[in-house]
Amino acid sequence: MEVAGGAETEIRPLKPCLLRRNHSREQHGVAASCLEELRNKACDILAIDKSLAPITLVLAEDGTIVDDDDYFLCLPSNTKFVALASNEKWTYNNSDGGTAWISQESLDVDETDTGAGLRWRNVARQLKEDVSSIILLSEADLQVLIDAPCSDLAQELRQSCVTVQGLQNTLQQVLDQREEARQSKQLLELYLQALEKEGGILSKQQESQTVGDQTDAVDTGGNRESSSTIALTSQILTVLKEKPAPELSLSSQDLELVAKEDPGALAAALSWDAEKTVTVQQACNQELSLRLQQVQSLRSLRNLSARKSSLPGERQEPKRARQDPT
């Protein structure tokens, strides 16, 4: 390949890839040094009519369009590609299941493993866009990243294994903090229940009256709304039913859905009384507000740090340059 200026030539190594057509399970192994060469081979090997050009190459696992040679070179060997003709659109194929980024030797993993591989990569990409989104992740997503192979996660995030190991330790700390908060809430609930049985909480009467008013308000519309469908997935409903302090297990997006759900419909879906439903929704709303405040604080600190680093007279620019390699 000619380098800019035309005076020298650069021989790029061949990258082994796996190619298939959309909606097809039959794949072909090819080797190419650049995207243009891979497109040409796709047309020949997959028998794509030249009249259907231009050919678009996408990652089989998530449909990401690959149209940059530098990005192509960063991909690992045996990456799976789908070749799309001009009149085709990518559709997810369950057989890909997140194996496009995995080496050929590991393609014999079971379906559960491939699904998990796709999940942690999607969460990692969300984290790569904004590291403060750690606060917004569900416990399940945090655990997925913690369990992900360090070397694979480092490759996905374009970071060193040492940096990624530190990140996974941080994720584990976040998970531990949520578990500690859950246990603290459970202990507090047990303590309050014991005091209530002994008649030691005088303010309980006032609290019961307040909840009773809320219950009446919910029950007023219960006959109309309880039969309506709710927007929550079965996974969210399972967490609400089975997890103690479920607000600590859900992602921020799920918390928002729970908080906005109609109390009557939610109570009917969970077979709960109105008081318990309102209490859980309030807890979800409070947890969501807390997480959003934490994210806002982190972003404000980051912006402040960036402004201070860019002030004239500061001798920190070389340090920042080393932290952001090109």
Side-chain angles (χ1 to χ4, degrees), residues 1-125 128 148-159 161 326:
M1 179 180 290
E2 292 189 0
V3 181
E8 301 178 359
T9 59
E10 177 189 2
I11 300 177
R12 291 183 175 179
L14 293 174
K15 181 187 294 293
C17 306
L18 297 172
L19 273 175
R20 69 169 175 81
R21 291 295 301 272
N22 209 19
H23 306 298
S24 173
R25 291 179 177 269
E26 184 180 273
Q27 58 186 18
H28 300 264
V30 300
S33 60
C34 63
L35 279 175
E36 186 61 31
E37 183 179 359
L38 187 59
R39 289 193 190 97
N40 292 335
K41 288 190 175 183
C43 287
D44 296 336
I45 295 175
L46 301 177
I48 301 177
D49 196 323
K50 298 290 185 181
S51 64
L52 298 178
I55 301 302
T56 302
L57 296 174
V58 303
L59 295 181
E61 71 167 6
D62 60 4
T64 299
I65 297 175
V66 181
D67 54 7
D68 179 77
D69 266 320
D70 291 333
Y71 182 76
F72 170 73
L73 294 176
C74 291
L75 295 173
S77 298
N78 294 312
T79 294
K80 282 186 177 182
F81 291 92
V82 175
L84 301 176
S86 59
N87 61 342
E88 293 179 332
K89 291 185 177 181
W90 176 83
T91 55
Y92 176 71
N93 187 332
N94 192 46
S95 63
D96 295 324
T99 59
W101 290 71
I102 305 177
S103 61
Q104 182 66 31
E105 290 77 12
S106 62
L107 289 179
D108 57 351
V109 296
D110 60 29
E111 192 171 312
T112 301
D113 290 338
T114 57
L118 178 61
R119 180 175 179 181
W120 75 252
R121 285 189 168 88
N122 289 335
V123 178
R125 288 164 190 166
K128 186 162 57 174
C150 184
S151 58
D152 292 347
L153 185 56
Q155 186 178 38
E156 181 68 38
L157 296 176
R158 303 292 189 265
Q159 299 290 338
C161 284
T326 56

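- Glu88 meets the side-chain hydrogen bond (donor to acceptor under 3.5 Å, both in side chains) test with Arg21; sequence neighbours excluded.
- Interatomic distance, Ile65 CD1 to Leu84 CG, rounded to the nearest 0.5 Å: 8.0 Å.
- Note: Arg39 CZ to Ile48 CD1 = 11.5 Å, rounded to the nearest 0.5 Å.
- Note that CG of Leu57 and CD of Glu36 are 9.5 Å apart. Values are rounded to the nearest 0.5 Å.
- Listed for the Lys15 side chain is a donor-acceptor partner under 3.5 Å among the backbone atoms of Leu75.
- Arg20 has its side chain within reach of Val82: a pair of non-hydrogen atoms, C-beta onward, lies under 4.5 Å apart.
- Put simply, the side chain of Asp69 gets close to the backbone of Leu35: a donor and an acceptor are under 3.5 Å apart.
- When every heavy atom of Phe72 is checked against every heavy atom of Cys17, the shortest pair comes out as CE1-SG, 3.9 Å.
- In this structure, CD in Glu61 is found 6.0 Å from CZ in Arg121, a value given to the nearest 0.5 Å.
- Distance alone, capped at 3.5 Å, is enough to place a donor-acceptor pair between the Asn22 side chain and the Lys89 backbone.
- Remark: Leu14 CG is packed, more than 12 non-hydrogen atoms of other residues, nucleotides or ligands lying under 6.0 Å away.
- Between Asn40 and Ile55, every side-chain heavy-atom pair lies at or beyond the 4.5 Å cut-off.
- For the residue pair Ser151 and Cys161, the shortest heavy atom distance occurs at CA-SG, 4.0 Å.
- We find the CD-SG distance between Gln159 and Cys150 to be 11.5 Å, quoted to the nearest 0.5 Å.
- Atom-to-atom distance recorded for Glu156:CD and Arg125:CZ is 4.5 Å, nearest 0.5 angstrom.
- Between Leu46 and Glu26, every side-chain heavy-atom pair lies at or beyond the 4.5 Å cut-off.
- With a 4.5 Å cut-off on side-chain heavy atoms, Phe81 and Leu59 count as touching.
- Take Lys41 and apply the salt bridge (charged side-chain N to carboxylate O under 4.0 Å, His left out) test, not counting sequence neighbours, and it matches Glu37.
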